[in-house]
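Counting starts at 1 for both ligands and their atoms, in listed order.
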Amino acid sequence: MDLKLTLYGLDLEEAETFAKAGKVPAYRGRQLLEWLYKKHIASLEEAVNLPREFRDSLSAHYDLAGLSFDEAGRLTGLESTKFLFKTRDGHLLESVLIVQKDRKTVCVSTQLGCKIGCPFCASGQGKFIRNLTAGEIIEQVVWIEKQIKVRVTNVVFMGMGEPLDNFEATMKTLKILQAVWGLEIGARHITVSTAGLTPKIVEFVSRSEGRVRLSISLHSSNDETRNELVPINRKYSLKELMETLKKIHRDLKREITFEYTLIPGVNDSNKEAAGLVRLAKTLDTKVNLIPCNPIRESQFKSPTPEIMEHFRSVLLKQGIRATIRQTAGRDIRAACGQLRLDKLQ
Ligand code: SAH
């Protein structure tokens with residue numbers, strides 16, 4: 001299906017260029033973006049200060065939005081709310097809002113499905129459909145902000161998909177999120193999580209000028225286990241990944257976080273912990289431990305709180321900063337790794 005471009009997803013340069021091409025002053029482009037990213041309009045009719053002809057030519061070339069929000073698909077859990085969106089080509093996708101005191105974090109999806117295929121993650125179980133556009137990624141934040149009527153303070157690229165495998169759309173979304181003409185969310189409040197696409201990490205760091213937070217899904221400290229848990233490791237081994245990260249850490253003094261999903265009997269041994277300590281020390285990395293959230297396609301179990309605490313204490317004793325990520329969202333199947341392509345359950 002050939003879809004029109006959408007206004008959501010435009011950056012300042014594109015909006016101004018479109019205005020000028022239609023012989024409209026460039027500042028109209030900036031005004032348009034204000035309606036989109038500050039006021040979250042659902043129809044161009046709401047953009048009352050834009051000349052009628054400009055609105056008409058915008059409508060002729062663009063759709064306003066790429067996603068529609070389905071109120072019936074909003075699911076509120078104890079600490080998080082799951083939002084269901086529909087793309088113009090008929091796919092469903094989910095995003096999660098996590099509220100912790102003053103912090104309102106939106107966890108965005110970047111792809112319909114995922115090509116990485118980690119066996120413990122629901123997102124990669126079905127077939128991969130397509131990348132989301134920058135508009136479709138930014139709209140997840142915009143529509144949630146509109147629904148909750150307060151500013152979103154943080155964005156994490158930890159929903160469905162691998163952000164660095166949808167590189168240009170991710171970079172453009174980051175630009176819109178941070179821009180003064182966009183959502184004005186500071187880089188330190190944005191985290192991109194990756195399974196470890198080494199060359200893309202390098203490019204990401206240089207293009208984001210080292211400010212957006214970077215989180216690496218490690219999940220094992222040896223290649224044998226990581227090859228199984230994060231199959232991209234067969235292409236970009238731990239050695240290559242670590243060398244890249246070391247360079248980034250050394251040259252840019254960037255803080256990097258490891259995510260480590262703990263799966264009993266798979267990656268929770270003392271040997272794994274010792275390996276993780278070694279890797280974390282070389283980069284002065286913080287480790288975020290995530291209890292494995294069960295998904296129906298796999299036999300992987302959840303760790304008990306004791307297993308989580310034990311593993312954490314081994315890290316802490318060795319001077320590694322380690323936190324346990326709460327399992328917000330499990331009650332509504334919105335916890336890490338539980339987002340999937342369809343409303344199947
Ligand atoms: N593709 C990105 C974003 C994935 S989601 C990445 O790999 O980093 C964010 C985190 O949740 C990743 O660390 C991912 O491995 C983890 N995760 C996926 N499925 C999970 C599950 N069932 N239980 C716990 N964590 C999971």
Problem set entry | Minimum heavy-atom distance L7-L36, with the two atoms named |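 Looking at all heavy atoms of both residues, the closest pair is O-CD1, 3.5 Å.
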Problem set entry | Distance-minimising heavy-atom pair for G159 and C107 |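 Closest approach of G159 to C107: N-SG, 3.3 Å.
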Please confirm whether [X] approaches ligand 1 to less than 4.0 Å, judged on its heavy atoms.
X: H219; answer: yes
X: A122; answer: no
X: C114; answer: no
X: C118; answer: no

Problem set entry | Pair F311 + Y260: ring centers closer than 6.0 Å |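 F311 vs Y260: aromatic centres under 6.0 Å.
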Exercise. Centroid-to-centroid, H219 to F120, below 6.0 Å?
Worked result: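 Yes, the ring of H219 comes within the 6.0 Å limit of the ring of F120, centre to centre.
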Exercise. Taking only residues at least two apart or on different chains, which pairs with a member in residues 299-311 satisfy salt bridge (charged side-chain N to carboxylate O under 4.0 Å, His left out)?
Worked result: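 Residue pairs passing salt bridge (charged side-chain N to carboxylate O under 4.0 Å, His left out), neighbours aside: E309-R312.
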Exercise. Between I295 and N293, is a side chain to side chain contact (heavy atoms under 4.5 Å, CB included) present by the stated rule, with each step listed?
Worked result: CA-CA 7 Å; I295 62 163; N293 295 302; 5.8 Å; no
If the cut-off is 4.0 Å to any non-hydrogen atom of [X], which atoms of ligand 1 fall inside it?
X: G161; value: 1 (N), 2 (C), 3 (C)
X: A195; value: 6 (C), 7 (O), 8 (O)
X: P291; value: 23 (N), 24 (C)
X: I290; value: 24 (C), 25 (N)

Problem set entry | W35 six-ring centre to K39 NZ/CZ under 6.0 Å and within 45° of normal |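 Yes; both conditions hold, so K39 lies above the ring face of W35.
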For this session: Report yes or no: is the cationic atom of K4 (NZ for Lys, CZ for Arg) closer than 6.0 Å to the six-membered ring centre of Y62, at no more than 45° off its axis?
Result: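 No.
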Do ligand 1 and [X] have nitrogen or oxygen atoms that lie under 3.5 Å from each other?
X: C292; result: no
X: R325; result: no
X: F120; result: yes

Exercise. If you measure from atom 10 (C) of ligand 1 to every heavy atom of M158, E259, K115, which option wins on shortest distance?
Worked result: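 The nearest heavy atom belongs to E259.
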Problem set entry | Heavy-atom nearest option to atom 4 (C) of ligand 1, drawn from C121, G196, G159 |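 It is G159 that holds the nearest heavy atom.
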For this session: Please name all residues satisfying ring-ring contact (aromatic ring centres under 6.0 Å, His included) with F69, sequence neighbours left out, ordered by chain then number.
Result: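 Result, ring-ring contact (aromatic ring centres under 6.0 Å, His included) vs F69: F83, F85.
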Problem set entry | Proximity to ligand 1 by part of I116, non-hydrogen separation under 4.0 Å |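 Neither part.
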For this session: Examine the proximity of ligand 1 to T261 and report which part, side chain or backbone, both or neither, has a heavy atom under 4.0 Å away.
Result: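 The answer is the side chain.
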For this session: Measure the acute angle between the ring planes of Y37 and W181, then classify it against the limits of 30° and 60° as parallel, tilted or perpendicular.
Result: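 Judged by the thresholds at 30° and 60°, the geometry between Y37 and W181 is tilted.
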